[in-house]
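Have a look at the structure below before the remarks.
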Amino acid sequence: MKVRKLHDWDLDSSGARQLQYELASLIEVRALPSRISSVAGADVALEASTARAGAAIAVLSFPDLALRELVTAEGKVRFPYVPGLLTFREGPILIEALKKLSSRPDVILFDGQGIAHFRGMGIASHVGLFAGLPTVGCAKSPLLKPGREPGPKRGATSPIRREGHLVGVALRTRSNVRPVYVSPGHLADVSSSVRLVLDCCTRFRIPEPLRVAHRECGKALRRDKIS
DNA sequence: GCGACAG
DNA sequence: ATCTTGTCGC
């Protein structure tokens, strides 16, 4: 699929933060499409010793969640891990993988934050702008913390606010299991994102598209290392 | 100034 | 993120 190149990635940390403020004004918060037939999961695996990264995007049918397409990309990482700037480390390789997709999924799930971010520009939001597609962030731990813990039952939520506005939730995807942190990336809103993530979690805490992507990006990294 | 901080 | 087998618990 075609991806928009909104900017170059070779920035220092202060330039990266400034860019995030500018990009944040481009985010559109709205309900996800009412008819969804495909959901993609995107994730990246890193190898510290070689500074290499492997990315995978798995496209699953929805709501049946059967694998329909899988693409991967490998390359060198140029940016260090800095809380709030994850997108400059993992974004470029994810975008290379996105370009290999044969078609445009209805929505993409990311392993990280959307607008529940210091400057409203988590990786789901940032890559969503390049893709021009609806995206949702689903992280295993928070950047901005919810005020309280969600209830113990599947489906329970607790709001995450930034400057007084609702930007995401801690969501219990399985009863009595640690919550995940869901926030809209681009062309999505909180309630429809929560609904989608729950619909993608049939048996495990992590939504199925992300589980497949997580497994496959590790494989891609190993294959690249050997050959 | 201090603490917190996705992967 | 990643280094890593068995083991404790439901």
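So you know, we letter chains A, B, ... as the sequences are listed, proteins then strands, and number each from 1.
Both A:Leu143 and A:Tyr181 belong to a single network of hydrophobic side chains, linked directly or stepwise wherever heavy atoms of I, L, V, M, F, W or Y lie under 4.5 Å apart.
Ring-base stacking between A:Tyr81 and C:dA1 is not satisfied when judged by a centre separation under 5.5 Å and a plane angle under 30°.
Note on A:Tyr181: nothing from the nucleic acid sits closer than 4.0 angstrom, heavy atoms only. Residue A:Ala116 is classed as having no contact, given no heavy-atom separation below 4.0 Å to the nucleic acid. Within 4.0 Å (heavy atoms only), A:Leu85 reaches at least one base atom of the nucleic acid. The residue A:Leu86 sits close to a base: some heavy atom pair falls under 4.0 Å.
Rounded to an integer number of Å, the gap from CD1 of A:Ile115 to P of B:dA6 is 18 Å. Following rounding to the nearest Å, A:Ile123 (CD1) and C:dA1 (P) show an atom-to-atom distance of 13 Å. The CZ atom of A:Arg178 sits 13 Å away from the P atom of B:dA6 (whole-angstrom rounding). Residue A:Arg174 contributes atom CZ, which lies 11 Å from atom C1' of C:dC10 at whole-angstrom precision. Rounded to whole Å, the distance from NZ on A:Lys76 to P on C:dA1 is 23 Å. When rounded to the nearest whole Å, the span between CG of A:Leu144 and P of B:dA4 equals 15 Å. Computed from coordinates, the A:Asp111 CG to C:dT2 C1' distance equals 14 Å when rounded to whole Å. Distance A:His117 NE2 to B:dG7 P: 12 Å, rounded to the nearest Å.
One N or O on the side chain of A:Arg162 and one on the backbone of A:Phe118 form a donor-acceptor pair closer than 3.5 Å.
Of all nucleotides listed (C:dT2, B:dC5, B:dG7), B:dG7 comes nearest to the side chain of A:Asp43. Side-chain atoms of A:Leu143 lie closest to B:dA6 of the nucleotides B:dA6, B:dG7, C:dT2.
A close approach under 4.0 Å does occur between a side-chain nitrogen or oxygen of A:Ser141 and OP1 or OP2 of B:dG7. The side chain of A:Lys140 places an N or O atom within less than 4.0 Å of a non-bridging phosphate oxygen (OP1 or OP2) of B:dG7.
Applying the side chain to side chain donor-acceptor pair (under 3.5 Å) test between A:Arg119 and each of A:Gln20, A:Glu22, A:Gln18 identifies A:Gln20 as the sole match. For the pairing with A:His186, the side chain to side chain contact (heavy atoms under 4.5 Å, CB included) check across A:His126, A:Glu28, A:Arg30 returns one residue only, A:Glu28. With A:Asp43 as the fixed residue, the side chain to side chain donor-acceptor pair (under 3.5 Å) test singles out one of A:Arg215, A:His214, A:Arg211: A:His214.
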